Amino acid sequence: MLRYIYADQLSRHPKLAASMFRDRADQFKTRLGWDVSVDATGAERDEYDHMNPLYVIWELPDGTHGGSMRFLPTTERTMVNDHFTDLMGGGTITSPLIWECTRFCLNRDAPSRVAAALMLGGGEIMNGFGVKHFVGVFDARMVRIYRMIGSSPEVLGSQGEGRDKISVGLWEFAPEAQAKVAARAGVSLELSRLWFDRAFGRGVARQLACVG
């Protein structure tokens, strides 16, 4: 199932949280060889995990992490504005209608539909919080995954060639795309909305978005 959990709520889900940060270390440090920090417990965290981001997490039947993404409004500090403005010609992205999505991570044994389920969760955030676009940095390996899911971004800028190519992309989530992603995830739109409403209360997130 999909869970929507802010960083300051992770202590209520210790098994899920610990396995998420371990899977991040496994994916980004062990498998991809990124220059990320892994602590003595085998967990990967960075400075943006301390900014109370919203995590969308696929929870496996045993209560551990199957996949996750991390979201922050671009009105706060973001990875793309702090470290990747060169990919956008020196510009920044700051808008209450645009959130940053980072740390797209999958457990190495997760079924392929988990990636689509995470994208479906992203669509619920857009619908619930009045977000129009997500912005994020991605590498070449993700292009095939986004195409397979049916949620490819508009590329704002790129650097590098081949497997070393990195890009900044902008995503929107039209209703017809949501239906395709839900089918790929094997999750009905009704169930997807139920999981979101359980996390935030029916209509509460929309009201907060309007007030903010």
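The chain is numbered in sequence order, starting from 1. Because the structure is predicted, anything quoted here is derived from the model rather than measured.
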Looking at side-chain heavy atoms only, is the closest gap between [X] and [Y] below 4.5 Å?
{"X": "Phe84", "Y": "Ile166", "answer": "yes"}
{"X": "Val36", "Y": "Arg103", "answer": "yes"}
{"X": "Val143", "Y": "Lys165", "answer": "no"}
{"X": "Asp39", "Y": "Phe21", "answer": "no"}
{"X": "His133", "Y": "Leu97", "answer": "no"}
{"X": "Leu156", "Y": "Leu87", "answer": "no"}

With rounding to the nearest 0.5 angstrom, report the [atom1] to [atom2] distance, [X] to [Y].
{"X": "Cys105", "Y": "Gln27", "atom1": "SG", "atom2": "CD", "result": "4.0 Å"}
{"X": "Leu191", "Y": "Met1", "atom1": "CG", "atom2": "CE", "result": "8.0 Å"}
{"X": "Leu60", "Y": "Asn107", "atom1": "CG", "atom2": "CG", "result": "6.0 Å"}
{"X": "Tyr55", "Y": "Leu118", "atom1": "OH", "atom2": "CG", "result": "14.0 Å"}
{"X": "Arg198", "Y": "Arg3", "atom1": "CZ", "atom2": "CZ", "result": "9.0 Å"}
{"X": "Met69", "Y": "Leu54", "atom1": "CE", "atom2": "CG", "result": "9.5 Å"}

Membership question, hydrophobic clusters at under 4.5 Å side-chain separation (ILVMFWY): are [Y] and [X] in the same one?
{"X": "Phe196", "Y": "Ile5", "value": "no"}
{"X": "Val181", "Y": "Met142", "value": "yes"}
{"X": "Tyr48", "Y": "Trp99", "value": "no"}
{"X": "Met79", "Y": "Val137", "value": "yes"}
{"X": "Leu120", "Y": "Ile57", "value": "no"}

Please report the closest heavy-atom contact between [X] and [Y], naming both atoms and the distance.
{"X": "Asp86", "Y": "His83", "result": "OD1-O, 3.8 Å"}
{"X": "Gly169", "Y": "Pro153", "result": "CA-CB, 4.0 Å"}
{"X": "Leu72", "Y": "Thr78", "result": "O-CG2, 4.5 Å"}
{"X": "Ala117", "Y": "Ala185", "result": "N-CB, 3.5 Å"}
{"X": "Val56", "Y": "Leu2", "result": "CG1-CD2, 3.8 Å"}
{"X": "Ser192", "Y": "Glu124", "result": "OG-OE2, 2.7 Å"}

For the pair [X] (side chain) and [Y] (backbone), establish whether a donor and an acceptor sit closer than 3.5 Å, ignoring hydrogens and angles.
{"X": "Ser19", "Y": "His65", "result": "yes"}
{"X": "Asp49", "Y": "Asp46", "result": "yes"}
{"X": "Thr74", "Y": "Glu100", "result": "no"}
{"X": "Glu44", "Y": "Asp26", "result": "no"}
{"X": "Asp8", "Y": "Asn52", "result": "no"}
{"X": "Glu76", "Y": "Pro73", "result": "no"}
{"X": "Asn81", "Y": "Ile93", "result": "yes"}

*Would you check if the distance from the ring center of Phe173 to the ring center of Phe134 is below 6.0 Å?*
no

*Near-ring test Phe104/Phe138, centroid separation under 6.0 angstrom*: no

*Carefully, step by step, assess Ile98 and Lys132 under the rule side chain to side chain contact (heavy atoms under 4.5 Å, CB included).*
CA-CA 6 Å; Ile98 303 175; Lys132 299 302 182 184; 5.9 Å; no

*Does a sphere of radius 6.0 Å around CD in Glu47 hold more than 12 heavy atoms from other residues, nucleotides or ligands, not counting ones at 6.0 Å or beyond?*
yes

*Should we count CZ of Arg163 as having more than 12 external heavy atoms under 6.0 Å?*
no

*Of Thr102, Val131, Ile125, which is the lone residue that meets side-chain contact (heavy atoms from CB on, under 4.5 Å) with Phe71?*
Ile125

